[in-house]
Amino acid sequence: MTWDDLDAHLDRVPGTVSAYVGRLDAPPTWTRHPNAAHYAASTMKVAVLAALHRAAEAGTLDLDAPVPVVNDFDSAQPGAPRFACAQHYDNDDAVWDRLGGSAPLRWLADRMIVRSSNLATNLVLGHVGLPAVAEVWALAGARTSVTGRGIEDFAAREAGITNTVTAADLAALLGALAVGANAPGTLASPAACATMLDVLLAQEHREDLAAGLPDGTRIAHKNGWVSGVRHGAGVVLPDDAPPYLIAVCTTTDLADGDQVEDDACLLLAHISAQVWAARHHL
């Protein structure tokens, strides 16, 4: 299948499908609506992860110091009541089991990524702050993506404060981490970038991009889903070809919000498989 064939196939998909594919630190091989804005869902958690590690390197936060595990957060909407997460809407009971106790920020950040815990995300975000996340996007070279609020901050959402991403910006962020793991970069030290990549490699939700790859293929990635949205972005590390970036964002009726498998999952897996087949020619 050529890139034109893939585009023709995606033209028949209801809604908007955006993509960015290419080598690290190089112009993309294939893009499709790469700068179209989509609701971020959980992909914004990668920027929160980077903000945390930057704060740790600056000495303002200790990754291994325990912090209180609470379910009570400031809204991003000035004057709005504080808000809380709903456990049934989360993906990780392990964090909720510590409610009323404490946990290290490092552990919370891991759960935020590998299990996509919303409670862990809001706890980490509360310690790093929204301006630090905005700085991560800027340093990565993102042009459109915004992290304006925490997860389930409905007062902020109703006021128009939201979280958006583009395929190009997600690729820029993942690319900055991957390149930065091997040489001094803009986001963090090589050691910190390598640590973040290890967390992304441990991702347990593998039903979209990872499902399109051969078993055992390493992919450092984060996905996100709500009804009407399914995204995946990562760095694929083949044994027989150079690493490559893939970011796919979909706003489509195919996404029913099922975290295990829906038609949007199958679509991302299909795109991932097509890119994998072309990995030697990216």
Side-chain angles (χ1 to χ4, degrees), residues 24 40-58 61-67 69 90-95 98 103-128 132-133 135-137 139-140 142 145 147 150-151 163 165 169-183 185-210 213 216-225 231-237 243-247 259:
L24 300 180
S42 290
T43 57
M44 48 77 76
K45 296 172 183 177
V46 180
V48 177
L49 178 70
L52 175 65
H53 280 268
R54 284 176 54 78
E57 288 204 312
L61 288 175
D62 181 350
L63 292 178
D64 297 308
V67 299
V69 178
D90 210 333
N91 302 290
D92 190 10
D93 287 338
V95 180
R98 299 202 183 195
L105 282 169
R106 186 189 304 275
W107 183 82
L108 290 169
D110 287 355
R111 305 308 293 182
M112 171 179 72
I113 298 298
V114 304
R115 291 302 305 164
S116 205
S117 169
N118 293 334
L119 180 58
T121 301
N122 284 345
L123 288 164
V124 174
L125 186 58
H127 285 275
V128 301
V133 182
E135 185 176 13
V136 165
W137 284 118
L139 289 171
S145 298
T147 302
I151 308 294
N163 301 322
V165 292
D169 288 349
L170 286 171
L173 178 56
L174 271 295
L177 292 179
V179 171
N182 297 301
T186 58
L187 285 183
S189 70
C193 288
T195 296
M196 287 185 269
L197 281 183
D198 284 342
V199 175
L200 291 160
L201 281 163
Q203 174 62 249
E204 295 179 13
H205 291 287
R206 300 179 59 84
E207 58 274 2
D208 41 55
L209 292 183
L213 302 172
T217 303
R218 293 181 301 154
I219 175 171
H221 68 121
K222 183 71 190 81
N223 38 25
W225 60 92
H231 309 323
V235 183
V236 181
L237 303 162
Y244 64 86
L245 293 162
I246 178 170
Q259 71 181 58

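For clarity, every value in this text was computed on a predicted model and none was experimentally measured.
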Side chain to side chain contact (heavy atoms under 4.5 Å, CB included) partners of Ala55, counting only residues at least two apart:
Thr60, Leu61

Name of the residue among Asp62, Val124, Val199, Asp64 meeting side-chain contact (heavy atoms from CB on, under 4.5 Å) with Arg106
Asp64

Roughly how far, to the nearest 0.5 Å, is OG of Ser117 from CG of Asp110?
11.5 Å

Please list, chain by chain and in numerical order, all residues satisfying side chain to side chain donor-acceptor pair (under 3.5 Å) with Lys222, sequence neighbours excluded.
Ser116

Testing the basics here: between Asn91 and Arg115, what is the closest heavy-atom pair and its distance to 0.1 Å?
CB-O, 3.0 Å

Exam field: side chain Asp90 to backbone Leu119, donor-acceptor pair closer than 3.5 Å
yes

Side chain to side chain donor-acceptor pair (under 3.5 Å) filter on Arg98, not counting sequence neighbours, yields none

Residue list, side chain to side chain donor-acceptor pair (under 3.5 Å) with Asn163, at least two apart or on another chain:
none

Can you tell me how far apart CZ (Arg111) and CG (Asp92) are? Round to the nearest 0.5 Å.
4.0 Å

For Ile113 and Lys45, the nearest pair of non-hydrogen atoms, with its separation, is CD1-O, 3.8 Å

Short side-chain to backbone donor-acceptor contact, Asn223 and His205, under 3.5 Å:
yes

For the pair Met44 and Ile151, evaluate side chain to side chain contact (heavy atoms under 4.5 Å, CB included) and give the outcome as yes or no after the intermediate values.
CA-CA 10 Å; Met44 48 77 76; Ile151 308 294; 4.0 Å; yes

Scanning both residues in full, the closest heavy-atom pair of Ala56 with Leu63 reads CB-CG, 3.6 Å

Side chain to side chain donor-acceptor pair (under 3.5 Å) against Ser189, all qualifying residues, sequence neighbours excluded:
Glu57

Please tabulate, for the side chains in residues 47-54, all donor-acceptor contacts under 3.5 angstrom to protein atoms that are two or more places apart in sequence or on a different chain.
residue, atom, partner, partner atom, Å
Arg54, NH1, Leu187, O, 2.6
Arg54, NH2, Glu135, OE2, 3.4

Check: Thr217 and Ile219 side chains under 4.5 Å, non-hydrogen atoms:
no

Is there a side-chain contact between Val165 and Leu173, using heavy atoms and a 4.5 Å cut-off?
no

Value for CG (Leu200) from CZ (Arg218), rounded to nearest 0.5 Å, stands at 13.5 Å

Go through the steps for Val136 and Thr147 under the test side chain to side chain contact (heavy atoms under 4.5 Å, CB included), then give the verdict.
CA-CA 10 Å; Val136 165; Thr147 302; over 6 Å; no

For Ala120 versus Met112, what's the shortest heavy-atom pair and its separation?
CB-N, 4.0 Å

For Ala181 and Leu197, the nearest pair of non-hydrogen atoms, with its separation, is CB-CD1, 3.8 Å

What's the verdict on side chain to side chain donor-acceptor pair (under 3.5 Å) for Asp169 and Ser145, showing C-alpha distance, side-chain angles and the deciding distance?
CA-CA 6 Å; Asp169 288 349; Ser145 298; 2.9 Å; yes

Nearest heavy atoms of Trp137 and Leu170, plus distance in Å
CH2-CD2, 4.0 Å

What verdict does the side chain to side chain contact (heavy atoms under 4.5 Å, CB included) test give for Leu237 and Leu201, after you've listed the backbone C-alpha separation in whole Å, the side-chain angles of each residue and the deciding distance to 0.1 Å?
CA-CA 10 Å; Leu237 303 162; Leu201 281 163; 4.1 Å; yes

For Asn182 and Cys193: C-alpha separation, side-chain torsions, deciding distance, then whether side chain to side chain contact (heavy atoms under 4.5 Å, CB included) applies.
CA-CA 8 Å; Asn182 297 301; Cys193 288; over 6 Å; no

